[in-house]
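Report on the structure given below.
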Amino acid sequence: MASENSVTETGNNFVRDIIRADLEAKRHSEIVTRFPPEPNGYLHIGHAKSICLNFGLAQEFQGRCHLRFDDTNPTKEEQEYIDAIERDVRWLGFDWGSHLYYASDYFEQIYAWAEYLIQAGKAYVDDSSIEEIREMRGSLTEPGRNSPFRDRSADESLDLFRRMRAGEFPNASRVLRAKIDMSAGNINLRDPVLYRILHAEHPRTGTRWCIYPTYDFAHGQSDAIEGITHSICTLEFEDHRPLYDWFIENLPVPARPRQYEFARLNLDYTVLSKRVLTELVRQGHVSGWNDPRMPTLAGLRRRGVPAAALRDFVRRVGVARANSQVDVSMFDFSIREVLNKTALRRMAVLRPLKVVIENYPADGSEDLEAINNPDDPAAGTRRIRFGREIYVERDDFMENPPKQFFRLSPGREVRLRYAYFITCREVIKDAQGEVVELRCSYDPETRGGNAPDGRKVKATLHWVAAAESIPAEIRLYDHLFCRPDPGAAGDVFADLNPASLEVLSGCRLEPILAEAKAEEPVQFERLGYFCRDTGSESLVFNRTVGLRDSYAKTQQTV
RNA sequence: UGGGGCGUAGCCAAGCGGUAAGGCAGCGGGUUUUGAUCCCGUCAUCCCAGGUUCGAAUCCUGGCGCCCCAGCCA
């Protein structure tokens with residue numbers, strides 16, 4: 001049973017089965033997971049899957065989930081990213097309590113373990129160059145060869161390693177390697193690098209260190225230090241598991257964590273590669289990490305996607321070991337699902353077409369009552385102003401309509417939502433023949449939207465009063481990329497959708513929208529879900545997602 | 001001619017030897033002052049081929065296909 005007020009729900013999956021079995025077998029008294037981002041970019045929807053899984057599992061089994069920054073590479077990591085990641089995880093709805101950690105907190109311990117391996121004859125300092133190491137590693141089909149430095153004494157390695165730490169050597173001049181098996185089929189076992197020299201300032205440890213452990217030498221040990229029971233990561237780390245286990249088994253670590261892998265999320269028309277996302281920002285293809293077209297949590301948030309929708313989506317997608325590519329319609333569904341229940345309804349006209357109601361009093365106007373959310377009576381009602389001159393959507397009028405079109409056209413009667421039935425009497429065009437105004441009549445008997453004589457209309461249009469409505473800019477977003485598998489043909493950037501952003505100015509909104517707050521979802525009736533843009537001085541709205549539109553669908557096939 | 005995974009409907013995904021859950025999309029219909037929502041209905045024999053079994057998506061054998069790995073990235 002999915003409870004709406006719970007963010008625990010992770011759905012059924014194999015990791016959960018494993019945890020359940022472990023708990024039943026009393027292998028752990030408590031389960032501890034962790035979300036371990038590297039602070040070298042912003043979190044995206046793929047990370048949301050991992051966050052929901054890790055935090056969700058911890059909540060479900062009453063354990064805990066740590067937020068641990070995997071900050072072992074100072075050349076790529078920044079404080080800005082650390083701050084953004086914390087903000088985004090919190091926004092998504094999760095709380096790590098006091099369990100905020102950094103792999104860099106463990107540098108001293110990890111270093112000590114490196115010396116331990118050297119002394120045990122299981123690690124050595126290699127003076128080979130990057131190229132030599134690569135060359136000696138062999139290939140996918142050929143075994144590697146031992147480094148000429150592999151058999152030097154533990155004492156010599158220890159001395160060299162201490163001098164590496166002391167800063168005696170330049171970058172890339174030496175590394176510390178584990179002594180495992182250069183002929184292993186699994187390349188990760190061919191004497192992996194444990195430490196490299198990096199004279200770089202670290203966002204946390206400053207210049208205290210000039211050697212840094214690699215991911216492989218830091219991750220599992222960090223898990224052990226924190227007492228992580230289930231270290232959940234993505235499939236590409238599967239080959240690293242034997243190495244993860246090797247360190248756990250060969251080091252006097254305080255616990256025995258286990259690594260489990262699941263398939264990362266892939267979404268149609270979306271890129272979830274940090275490298276590419278960073279480039280999009282750096283090259284200015286988007287306005288920043290929080291550009292509403294970005295799949296980042298910051299971008300989605302600015303676009304108006306609620307955290308609850310992300311959680312719902314992730315739950316629906318599930319967790320498995322098979323690579324998959326999820327259809328965006330599933331994400332759109334989750335967004336609408338949440339927004340339909342929460343967004344206040346408003347009226348806004350994106351492309352205004354003036355309508356003059358000829359038989360309405362010239363200086364008259366009146367207030368009508370409109371419902372804020374038909375699915376939530378508690379949301380109440382509001383007054384909307386009606387007058388002789390209004391705006392309707394240009395798309396809601398056609399001079400020569402096809403059979404399927406039942407909105408406004410010459411001679412046809414339609415309903416103005418919450419107002420009156422109107423009938424189009426005359427079409428006014430400019431010199432170029434473009435329709436610039438409609439002259440209509442209204443039926444005073446239909447106030448509120450119902451005809452006493454019971455006659456029906458086939459369409460209800462949204463509208464705003466010309467005089468009282470306020471102007472605004474509205475930004476419509478489309479996929480950032482124009483093919484479902486960006487980059488599959490070569491250059492990802494060549495697949496950028498040139499029409500991913502459409503800016504509409506001169507839109508007209510009902511006045512109450514002037515008070516809208518960023519991130520507060522509203523539904524512009526018959527159009528979609530929108531939210532006010534963050535950071536814009538003037539009135540700007542972003543379209544989060546459109547409403548389902550079965551009419552548009554029929555038009556595509558005709 | 002290396003190692004590690006995966007293969008159930010257009011897209012996700014349950015299933016763990018007993019006769020194919022669920023969701024998204026699609027299609028058909030009903031309700032409707034949003035062509036929205038909501039509600040009904042419809043939509044697969046499980047990569048292929050053998051085998052074991054009373055019975056197989058589930059077990060065995062052999063194929064085929066796809067993904068990951070040769071950073072001093074994570």
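By convention in this document, chain letters (A, B, ...) are assigned in the order of the sequence lines, proteins followed by strands, and residues within each chain are numbered from 1.
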**Q.** Pairwise P distance for B:C40 and B:G35, with rounding to whole Å
**A.** 22 Å

Q. Roughly, in whole Å, what's the span from OH in A:Tyr42 to C1' in B:A74?
A. 19 Å

Q.
Checking one value: the base orientation of B:G71, syn if chi is within 90 degrees of 0, otherwise anti.
A. syn

Q) How would you list, by chain and number, every residue that makes a side chain to side chain contact (heavy atoms under 4.5 Å, CB included) with A:Ser104, sequence neighbours excluded? A) A:Asp71, A:Tyr102, A:Phe107, A:His202, A:Arg204, A:Thr205

Q: Return the value, rounded to whole Å, for the distance between atom CG of A:Leu198 and atom P of B:G71.
A: 17 Å

Q: Report yes if the ring of A:Tyr551 lies under 5.5 Å from the six-membered base ring of B:G35 with planes under 30°, and no otherwise.
A: yes

Q) If you look at every strand shown and take non-hydrogen atoms under 4.0 Å, does A:Arg336 touch a base, only sugar-phosphate, or nothing? A) nothing

Q: Tell me what A:Arg137 touches on the nucleic acid: a base, only sugar-phosphate, or nothing, going by heavy atoms under 4.0 Å.
A: sugar-phosphate

(Q) If the cut-off is 4.0 Å, is A:Ser550 near the phosphate of B:A36, judged by side-chain N/O to OP1 or OP2? (A) yes

**Q.** Selected nucleotide, minimal atom distance to A:Ala320 side chain, candidates B:U34, B:G23, B:A13
**A.** B:A13

Q.
Any base atoms under 4.0 Å from A:Arg134, or only sugar-phosphate, or nothing? Heavy atoms, all strands.
A. sugar-phosphate

Q: Could you work out the separation of B:C12 and B:C72 based on their P atoms and round it to a whole Å?
A: 34 Å

Q: Take atom P in B:C16 and the same atom in B:A57, then report the distance between them in whole Å.
A: 12 Å

Q: Would you mind listing every ring-ring contact (aromatic ring centres under 6.0 Å, His included) that reaches into residues 308-331 of chain A, with sequence neighbours excluded?
A: A:Phe313-A:Phe331

Q.
Tell me the interatomic distance from A:Leu243, atom CG, to B:C72, atom C1', rounded to whole angstroms.
A. 15 Å

Q: Would you indicate what A:Tyr195 reaches in the nucleic acid, counting non-hydrogen atoms under 4.0 angstrom: base, sugar-phosphate, or nothing?
A: nothing

Q: Taking only the side-chain heavy atoms of A:Glu525 (C-beta and beyond), determine which of B:A70, B:A74, B:U34 contains the nearest atom.
A: B:U34

Q. Looking at the side chain of A:Val326, which of B:A74, B:C12, B:C72 is the nearest nucleotide?
A. B:C12

Q) Hey, does A:Gln325 reach any base, or is it just sugar-phosphate, or nothing, if we go heavy atoms under 4.0 Å? A) sugar-phosphate

Q.
Please tell me whether A:Glu445 and A:Tyr420 have a donor and an acceptor in their side chains that are separated by less than 3.5 angstrom.
A. no

Q) When rounded to the nearest Å, what value does the distance between P atoms of B:C11 and B:U45 take? A) 15 Å

(Q) Over all strands shown, is A:Thr446 touching base, sugar-phosphate only, or nothing at heavy-atom distances under 4.0 angstrom? (A) nothing

Q. Say you pick atom P in B:C46 and the same atom in B:G10; how far apart are they, in whole Å?
A. 13 Å

Q.
Does A:Ser129 reach a base, just sugar-phosphate, or nothing at all? Heavy atoms under 4.0 Å.
A. base

Q: May I ask you to evaluate whether A:Arg196 reaches the phosphate of B:A74, defined as a side-chain N or O under 4.0 Å from OP1 or OP2?
A: yes

Q) Between the side chains of A:Asp126 and A:Ser128, is a donor N or O closer than 3.5 angstrom to an acceptor N or O? A) yes

Q. Mind checking the P distance from B:C47 to B:U8? Whole angstroms is fine.
A. 6 Å

Q: Considering only atom P, compute the distance from B:U1 to B:A56 and round it to an integer number of Å.
A: 34 Å

Q.
Can you confirm whether or not the ring centre of A:Tyr195 sits under 6.0 Å from the ring centre of A:Tyr212?
A. no

**Q.** Nearest to side-chain heavy atoms of A:Ser329, which nucleotide of B:A74, B:A25, B:G3
**A.** B:A25

Q | Nearest to side-chain heavy atoms of A:Lys553, which nucleotide of B:C67, B:C27, B:G35 | A | B:C27

Q | Candidate nucleotides B:G23, B:C72, B:C16, ranked by approach to the side chain of A:Met330 - the nearest | A | B:G23

Q.
Side chain of A:Asp239 only, heavy atoms from C-beta on: which candidate in B:G35, B:C12, B:G4 is closest?
A. B:G4

Q: Check whether any side-chain nitrogen or oxygen of A:Ser139 sits under 4.0 Å from OP1 or OP2 of B:G2, and answer yes or no.
A: no

Q.
Among B:G35, B:A74, B:C73, which nucleotide has an atom closest to any side-chain atom of A:Phe405?
A. B:G35

**Q.** Length of the CG-C1' vector between A:Leu350 and B:U34, whole Å
**A.** 15 Å

Q.
Applying a 4.0 Å non-hydrogen cut-off, can you work out what A:Thr75 is touching in the nucleic acid: base, sugar-phosphate, or nothing?
A. nothing

(Q) Filter on salt bridge (charged side-chain N to carboxylate O under 4.0 Å, His left out), then keep only pairs touching residues 366-380 of chain A, sequence neighbours left out; what's left? (A) A:Glu366-A:Arg447, A:Asp367-A:Arg385

Q: Using a heavy-atom cut-off of under 4.0 Å over every strand shown, decide if A:Arg321 touches base, sugar-phosphate, or nothing.
A: sugar-phosphate

Q | Per A:Ile187 side chain, nearest of listed nucleotides B:A70, B:U34, B:C12 | A | B:A70

Q) Think A:Arg548 has a side-chain N or O under 4.0 angstrom from the OP1 or OP2 of B:C38? A) no

Q: Using a heavy-atom cut-off of under 4.0 Å over every strand shown, decide if A:Ile371 touches base, sugar-phosphate, or nothing.
A: nothing

Q. Got a donor-acceptor contact below 3.5 angstrom from the A:Arg345 side chain to the A:Val522 backbone?
A. no

Q: Could you check which residues of residues 377-384 of chain A get a heavy atom under 4.0 Å from RNA chain B? Sort them by number, please.
A: none

Q: With P as the reference atom in both, quote the distance from B:C43 to B:A21 in angstrom, rounded to an integer.
A: 11 Å

Q | Watson-Crick or G-U counterpart of B:U45, or none if no pair lies under 3.5 Å | A | none

(Q) So does A:His44 get a backbone contact from the side chain of A:His47, meaning a donor-acceptor N/O pair under 3.5 Å? (A) yes

Q.
Is the distance from the ring center of A:Tyr124 to that of A:Phe161 below 6.0 Å?
A. no

Q: Assign A:Phe237 to base, sugar-phosphate, or nothing according to its heavy-atom contacts below 4.0 angstrom with the strands shown.
A: base

Q | Separation of atom CZ in A:Phe333 from atom C1' in B:C11, rounded to whole Å | A | 14 Å

Q. Looking across every strand, which nucleic acid part, if any, lies under 4.0 Å from A:Val193 by heavy atom: base, sugar-phosphate, or nothing?
A. sugar-phosphate

Q) Using purine N1 to pyrimidine N3 plus N6-O4 or O6-N4 for Watson-Crick, or N1-O2 and O6-N3 for G-U wobble, each under 3.5 Å, what pairs with B:G65? A) B:C6

Q. A:Leu140 CG to B:G5 P: how many Å, rounded?
A. 16 Å

Q: Would you please say whether a donor-acceptor pair under 3.5 Å links the side chains of A:Glu337 and A:Ser334?
A: no

Q) Can a donor-acceptor pair under 3.5 Å be found between the side-chain atoms of A:Arg407 and the base atoms of B:G35? A) yes

Q) Taking the side chain of A:Leu547 as its heavy atoms from C-beta onward, which of B:C12, B:U34, B:C11 lies nearest to it? A) B:U34

Q) How is A:His219 classified with respect to the nucleic acid when contacts are heavy atoms under 4.0 Å: base, sugar-phosphate, or nothing? A) nothing

Q: Please work out if A:Pro143 contacts a base, only the sugar-phosphate, or nothing of the nucleic acid, heavy-atom cut-off 4.0 Å.
A: nothing

Q: Quick one: list whatever passes side-chain hydrogen bond (donor to acceptor under 3.5 Å, both in side chains) with A:Glu24, sequence neighbours left out.
A: none

Q. With A:Glu238, which residues qualify under side-chain hydrogen bond (donor to acceptor under 3.5 Å, both in side chains), at least two apart?
A. A:Arg321

